[in-house]
Every structure is written in C-alpha cells, then in structure tokens.
Amino acid sequence: MAVVTRAEAFLVDVAVEQARTDAVQAFVSQETVFVELSTDDGGSGLGYSYTIGTGGSSVVALLRDHLLPRLVGRDARLVEAIWRDLFAATRATTVGVITSLALAAVDTALWDLKCRRAGEPLWRVAGGFGARVPLYDTEGGWLHLSTEELVAGAKAAETAGWGGVKIKVGKPAAGEDFERLAAVREAVGPRFDLMVDANQSMTAAEAIRRAAVFAPLDLFWLEEPLPADDVSGHARLAASTPVPVAVGESLYSIAQFRDYLQRGAASIVQPDVARVGGITPWLKVAHLAEAFNVEVCPHFLMELHVSLTAAVPNGRYVEHIPQLRAITRTEMTVENGHAVPPESPGLGIDWDRDAMDDRRVS
C-alpha cells in the first residue's frame, strides 16, 4: 500500500520570461498550481498545472475545498480509480477549465509518486517509445515582433539544428501575415518546418481565405484558426486546404478530441497535459490519435511534455517556450536539435523549492 497521508495545494506566480502576444491576448504571468502528496511509506509526489494570468486561486480553492480531502486515505497506486472518482465528485463543474486544471495538478503528482516508487523516469513508465524528440521554437515568433526579429529567431533555430519555428498570425490584413511568413520562409529555405498559429481569432470563412493565401509557403500546420468549439468550421477548413490543421490546447476532454478526429477536423493534435486533466487523459488522447494515424505535438509545458511525447509512438514535436527557469535548478536537455527526456525518477523536473517559496501567493 501507499496510502496518502497528506495532500496540499499551493499557488506560485512565475513572471513571463519575455513579452508574449498573439492575435487575441497577452501572456500575463504563469499562475502555477502545485499539489504535493505524501504517503505512509515515505513516498512523495509533486504535480502542477497552470494558467496564463487568471483563475489560479479558483483552481486552488477547488482543490482545497473538494478534491484533496478525498485523497487522504486513498491508495496512491490506483491512479485511474482516483482520477475517475475526483472527476465524478466534480460532475457539476465538468467538463470545464477549472476542474481540468485541478485534476491535472493531482494526477501529475500521482504520476510523479508512481515513477519515483518505480525508480524510473516518466517517459519510460508512460510508454518508453523513444529517448529524444524533435524540437521547434515558438519563443521567437510572437505577433508583436518585427519581421526582422522573426527572421532572426528562425535563423537562430535553424542554426541550432531545430526542426522548425512557429509564427503567430492574425494581423488585420492577410497580406501582412503573408509578407512576414514569406520573409521567414525565404530565410530558412524549404526544408525547415514553418508552423503558424492564429489563436482562435478567425471565422471559418476568413480561415479558409487565409489558408489559401498561406498555402504557397508550404506550412507544416495552421494552428487554432477558429474558436475551439467550432468543430464543423474546422472540418470545412480542413476539407478546403492542403495545409494541415492543428488543434488541442483549448480542448479539455478526451471526447472533444474524439469529435475532431472523427470529423476529420484535425490533422495534428496538441493536447496540453494541464488543460486536458493530467497525464492519465493525455496518454488516452495520444493513443486515440494514433488510432486515427494522427501525430501529437503538445502545447507548451515543454519540461513535462518532453517525457510524454517521448513515451508514445506518434509524438512528433516538442514546443520550445521556456517558462520554469525561475523555479527550477536545471533546464530541459537539448542535443542536436532534439529535446531529451530526463532519466531521473518521477516527472524529472528539478524544482527549486526556495525559489518557489519566494513566489508563493498567500
């Protein structure tokens, strides 16, 4: 047995490392929600989820008031049973963002504990497909950056041996987006992957029009062109363009991914382990996508997603957006343009507890 004897939730506010803007918002700060568990056999696990500036205190309140009290006395080894019980206990607020973020903080803590007990890294316990994953950069592609800055960032990523870069789109005129993207494509050549992200800013008609404008640039994907609940619009777009359509960061359940895949509305899925409710449902999304012969390129959280992407056979890319350096002692390992999952037992994130304490929100 590994009975949970203590379950604590706390909030840590991590400032953004640089300005980040897209077509609809700015990344204000990373409100990082932590859950720490202890068991009667001396085990411990630390998990987390996040928001980009609002709602963190609401997630903590849900954990403290409703979820964590249900954990004490449970066998921490029964990860699936605990996830289902907590989901059922919050049925009045599911499927929803706050609940998914809370479930993710608990679930990642349980997986951290599970891997530590096994003495194995997450990437191996979760599947163990491959020991390295191609990397692409988003940090040099924000919407407020000039064309010259976009080109410089793309060239730097290419020189480092990375597989591609992602550029934010959503300028008022399609021509302006095209000119910025064309400058990057010319600078890096045809063998470098170029992704674009519209952050749910378009109507279906506008997305179809802009996809046609962008098509000559041989894009690797067009990400979140429409609001995430517009599955039919994504299906119409996917049927109208050769550009692969990518979705997932704003989906909060396995069933939502199923709807996209069944309707041919997504060529690439981008599950976010925090937003989908944890590692347990993330792996189910990845295997669901595998059944549809669709690749997985998760959103954000590179320090955690490197292990999950390496765990599954259809993991294609890890997104480079560093955001945890202020509260960790080490960084994600990058070798020859690839992200390398950590070998240390657990999630493999080397937390700096003093730095976390300095940034705790009371």
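Note: hydrogens, waters and symmetry copies are ignored here, and every other heavy atom, side chains too, is used.
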For this session: Applying side-chain contact (heavy atoms from CB on, under 4.5 Å), run through Val306 and Leu135 and close with a yes or a no.
Result: CA-CA 9 Å; Val306 59; Leu135 191 66; over 6 Å; no
Check: residues 78-89 side-chain donor-acceptor pairs under 3.5 Å, at least two apart:
| from | atom 1 | to | atom 2 | distance (Å) |
| --- | --- | --- | --- | --- |
| Glu80 | OE1 | Lys284 | NZ | 3.1 |
| Glu80 | OE2 | Lys284 | NZ | 3.4 |
| Trp83 | NE1 | Gly277 | O | 2.9 |
| Asp85 | OD1 | Arg70 | NH2 | 3.1 |
| Asp85 | OD2 | Arg70 | NE | 3.2 |
| Asp85 | OD2 | Arg74 | NH1 | 3.4 |

Problem set entry | Aromatic contact, Phe220 with Tyr136 (centres under 6.0 Å) | no
Exercise. Any donor-acceptor pair under 3.5 Å linking the side chain of Glu149 with the backbone of Ser146?
Worked result: yes
Problem set entry | Distance-only polar pair, side chains of Tyr48 and Asp112, donor-acceptor under 3.5 Å | no
Problem set entry | Residue pairs fulfilling ring-ring contact (aromatic ring centres under 6.0 Å, His included) with at least one residue in residues 139-173, sequence neighbours excluded | Trp162-His320
Problem set entry | Any side-chain donor near an acceptor of the partner, Glu206 and Thr203, under 3.5 Å | no
Exercise. Between Arg353 and Glu36, is there a salt bridge with N-O shorter than 4.0 Å?
Worked result: yes
Exercise. Under 4.0 Å between a Lys/Arg side-chain N and an Asp/Glu carboxylate O for Lys166 and Glu249?
Worked result: no
For this session: Ignoring hydrogens and angles, state whether a donor on the side chain of Thr39 or Asp41 is under 3.5 Å from an acceptor on the partner side chain.
Result: yes
Exercise. If you take all heavy atoms of Ala105 and Val33, which pair is closest and at what distance?
Worked result: CB-O, 4.1 Å
For this session: Using modelled atom types only, decide if a donor and an acceptor are shared between the side chain of Gln323 and the backbone of Ala15 within a distance under 3.5 Å.
Result: yes
For this session: Apply the side-chain contact (heavy atoms from CB on, under 4.5 Å) test between Ser58 and each candidate in Ile98, Thr51, Leu101; give the one that qualifies.
Result: Ile98
Exercise. Glu295 side chain to Ile268 main-chain N or O, any donor-acceptor pair under 3.5 Å?
Worked result: no
Exercise. Can we say Lys168 and Asp197 salt-bridge, meaning some charged N sits less than 4.0 Å from an Asp/Glu carboxylate O?
Worked result: yes
For this session: Please check if any side-chain donor atom of Thr93 sits under 3.5 Å from a side-chain acceptor atom of Thr99, or the reverse.
Result: yes
Problem set entry | Taking every non-hydrogen atom, the tightest pair across Leu237 and Ala211 | CD1-CB, 4.0 Å
Exercise. Which pair of heavy atoms, one from Ala23 and one from Asn199, lies closest together, and at what distance?
Worked result: N-OD1, 4.4 Å
Exercise. Got more than 12 heavy atoms from elsewhere within 6.0 Å of CG, Asp65?
Worked result: yes
Problem set entry | Audit row: Ile327, Leu324, side-chain contact (heavy atoms from CB on, under 4.5 Å) steps and yes/no | CA-CA 6 Å; Ile327 57 171; Leu324 291 181; 3.9 Å; yes
Problem set entry | Side-chain donor-acceptor contact under 3.5 Å, Glu303 with Thr328 | no
